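Structure record follows, encoded as structure tokens.
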Amino acid sequence: MHKYLITGGAGFIGSHLAEHLLNLDHEVFAIDNLSTGSMTNIAHLEDNPMFHFVAGELSESPDLDRLVASVDAIYHLAASVGVKNIMDNLVSSIKNNIDSTAKLLEIASKYNKKILLTSTSEVYGKNSQKPSAENDDLRMGETIKSRWSYACSKALDEYLSFAYFNERKLPVTVVRLFNTVGERQTDAYGMVIPTFIKQALRNESLTIHGDGKQSRCFIYVKDVVKAMQLLMDNEQTNGEVYNIGSKQVITIEELADKIIDYTRSKSIKLFIPYNEAYKVGFEDAERREPNTDKIEKLLNFAPQSNIDNIITKVTKYCTENNHITV
């Protein structure tokens with residue numbers, strides 16, 4: 001049995017990770033400021049004596065030093081999430097991502113506790129001509145294009161993490177997540193699959209930003225947390241970056257069509273130009289596709305759920321949890 005701290009532990013991915021670790025008989029300490037996380041996500045864990053939750057701002061928490069000292073390792077998931085949320089709250093999003101990571105790394109270094117840092121496929125920026133590999137150069141847009149501020153803040157988190165690894169020998173592993181989806185993911189911050197499914201179930205227009213030709217690869221959250229746990233447990237991952245994602249590419253318009261078909265919805269597709277959907281400064285990446293050779297070689301890892309499985313599971317969750325008024 002080990003003790004783990006999960007920052008952002010009441011979030012979508014954090015709550016699934018907590019569940020996964022508890023199922024492996026580990027003890028879990030979670031901290032979350034509940035800005036995008038929710039107590040509803042962890043309600044089913046609160047009676048478990050091996051689960052402990054602290055509400056608070058990571059960069060300001062008086063409990064953080066004690067928590068880090070008491071655990072064996074740390075999963076750092078706390079971050080601003082969601083394109084809409086970030087575009088609406090640029091200053092706080094950038095500061096939150098950088099300040100919380102800097103504070104956590106300093107305390108982890110004090111106690112020499114391993115950290116697995118969750119980064120994002122967004123750091124690849126405009127590199128979309130081929131599947132993105134961990135050793136690719138990063139190419140983001142102009143600084144006046146606010147869309148890239150989130151990517152830049154997460155890239156800085158990575159640089160800072162590896163600075164601690166190289167200079168202070170802090171064991172650090174970075175994972176870049178490619179469009180994680182599943183049960184408990186909210187549509188409140190622009191997440192496309194729960195948004196489309198809820199619109200379809202209500203027979204509302206599915207709102208596609210841009211021309212819908214942009215393509216993505218979606219991976220099921222339970223596949224993601226399993227990969228994270230395996231990477232954390234492997235000492236060969238210290239000082240390394242790993243993509244976690246699916247190789248199944250789909251355009252956003254194709255995704256909308258799939259969801260309309262699966263839900264037997266009467267919805268139509270409504271295309272909204274980026275300049276109407278977001279504030280000034282938005283620019284999108286045409287393609288996000290991971291090269292996953294590195295994690296496959298190390299762990300023989302491959303996602304177990306495809307896009308059809310994911311749509312089925314999220315639709316079932318939405319209908320069973322009273323999110324939909326049909």
Side-chain angles (χ1 to χ4, degrees), residues 1-11 13-33 37 42 45 48-79 96-120 153-177 224-242 244 295 298-299:
M1 183 196 80
H2 290 94
K3 296 180 179 180
Y4 293 104
L5 172 62
I6 303 174
T7 72
I13 301 175
S15 64
H16 281 277
L17 177 60
E19 194 173 76
H20 178 71
L21 294 174
L22 290 167
N23 287 339
L24 295 175
D25 296 323
H26 297 305
E27 189 168 5
V28 173
F29 296 80
I31 184 169
D32 201 300
N33 67 3
I42 55 172
L45 305 178
N48 189 324
M50 300 291 280
F51 179 74
H52 317 277
F53 178 73
V54 175
E57 193 69 51
L58 188 62
S59 60
E60 301 172 0
S61 174
D63 299 300
L64 189 58
D65 190 285
R66 172 184 61 81
L67 288 170
V68 171
S70 68
V71 300
D72 298 303
I74 304 154
Y75 290 91
H76 181 36
L77 280 71
N96 178 48
N97 288 345
I98 295 171
D99 292 350
S100 61
T101 300
K103 176 74 174 289
L104 184 63
L105 286 167
E106 184 63 25
I107 297 175
S109 177
K110 175 181 173 182
Y111 296 106
N112 196 38
K113 298 298 173 74
K114 180 169 181 175
I115 290 186
L116 186 143
L117 171 81
T118 54
S119 186
T120 171
S153 71
K154 294 302 286 184
L156 185 56
D157 282 352
E158 292 190 27
Y159 280 121
L160 188 57
S161 297
F162 290 122
Y164 273 88
F165 172 78
N166 291 314
E167 186 174 314
R168 302 192 186 179
K169 311 307 177 187
L170 178 68
V172 171
T173 302
V174 171
V175 296
R176 293 174 181 161
L177 305 183
V224 168
V225 299
K226 174 66 173 177
M228 290 169 61
Q229 173 250 313
L230 292 173
L231 290 168
M232 173 67 90
D233 293 348
N234 192 318
E235 290 187 2
Q236 295 180 56
T237 67
N238 292 343
E240 298 289 341
V241 182
Y242 295 88
I244 301 179
I295 193 170
L298 179 71
L299 303 176

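Quick caveat, the model's predicted, so the values are computed rather than measured.
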List the steps, then state whether side chain to side chain contact (heavy atoms under 4.5 Å, CB included) holds for Ile13 with Thr118.
CA-CA 10 Å; Ile13 301 175; Thr118 54; over 6 Å; no
Between Leu170 and Asn112, is the side chain to side chain contact (heavy atoms under 4.5 Å, CB included) condition met? List the steps.
CA-CA 6 Å; Leu170 178 68; Asn112 196 38; 4.3 Å; yes
One pair to check against side chain to side chain contact (heavy atoms under 4.5 Å, CB included): His52 and Glu27. What are the steps and the verdict?
CA-CA 8 Å; His52 317 277; Glu27 189 168 5; 2.6 Å; yes
Assess the residue pair Arg176 and Val241 against the criterion (side chain to side chain contact (heavy atoms under 4.5 Å, CB included)); give the C-alpha distance rounded to whole Å, side-chain angles, the decisive distance to 0.1 Å, and a yes or no.
CA-CA 7 Å; Arg176 293 174 181 161; Val241 182; 3.5 Å; yes
Tyr164 and Glu106: CA distance, side-chain angles, deciding distance, side-chain hydrogen bond (donor to acceptor under 3.5 Å, both in side chains) verdict
CA-CA 8 Å; Tyr164 273 88; Glu106 184 63 25; 2.5 Å; yes
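Between atom NZ of residue Lys226 and atom CD1 of residue Ile244 there is a gap of 12.5 Å, rounded to the nearest 0.5 Å. Summarising the geometry, atom NE2 belonging to His20 is positioned 9.5 Å from atom CE belonging to Met228; distances are rounded to the nearest 0.5 Å. The CG atom of Leu117 sits 9.0 Å away from atom CG of Leu77, with the distance rounded to the nearest 0.5 Å. To the nearest 0.5 Å, the span separating CG on Asn97 from OG on Ser153 amounts to 4.0 Å. Rounding to the nearest 0.5 angstrom, the gap separating the CG atom in Leu298 from the CG atom in Asn234 is 4.5 Å. One distance of note links CG of Leu5 with CG of Leu104; it measures 7.0 Å at 0.5 Å rounding.
Under the ring-ring contact (aromatic ring centres under 6.0 Å, His included) criterion, Tyr242 pairs with no residue, sequence neighbours left out. Applying the salt bridge (Lys or Arg N to Asp or Glu O under 4.0 Å) rule to Glu19 yields the partners Arg184, Lys222; only residues at least two apart in sequence or on another chain are considered.
Among pairs with a residue in residues 62-77, those fulfilling salt bridge (charged side-chain N to carboxylate O under 4.0 Å, His left out) read Asp63-Arg66, Asp65-Lys110, at least two apart in sequence or across chains.
Considering every non-hydrogen atom in both Arg168 and Ser109, the closest pair reads CD-OG, 3.3 Å. Residues Ser70 and Lys3 share a closest heavy-atom pair of O-CD, 3.4 Å. Between Ser100 and Ala78, the shortest heavy-atom distance links the atoms OG-O, 4.2 Å. Residue Glu240 comes nearest to Gln236 through the heavy atom pair CG-O, 3.9 Å, listed as atom of the first residue, atom of the second, then distance. In terms of heavy-atom proximity, Ile115 sits nearest to Ala108 at CD1-CB, 3.5 Å.
Ser61 places no side-chain N or O within donor-acceptor distance of the main-chain N or O of Glu57, the cut-off being under 3.5 Å. Side-chain atoms of Asn166 come within 3.5 Å of backbone N or O of Phe162 as a donor-acceptor pair. Side-chain atoms of Lys113 come within 3.5 Å of backbone atoms of Val71 as a donor-acceptor pair (strictly under, hydrogens ignored).
The aromatic rings of His2 and Tyr4 are tilted relative to each other, their planes meeting at an angle between 30° and 60°.
Side chains of Ser59 and Asp99: a donor-acceptor N/O pair is absent below 3.5 angstrom, by distance only.
Using a 4.5 Å heavy-atom cutoff, the side chains of Phe53 and Asp32 are in contact. Residues Phe51 and Ile42 form a side-chain contact, since some pair of their non-hydrogen atoms from C-beta on lies under 4.5 Å apart. Put simply, the side chain of Val28 does not reach to within 4.5 Å of the side chain of Leu45, judged on heavy atoms.
Taking 4.0 Å as the cut-off between side-chain N and carboxylate O, Glu235 and Lys114 do not count as a salt-bridged pair.
Residue His76 forms a side-chain contact (heavy atoms from CB on, under 4.5 Å) with just one option from Thr101, Val174, Val172, and that option is Thr101.
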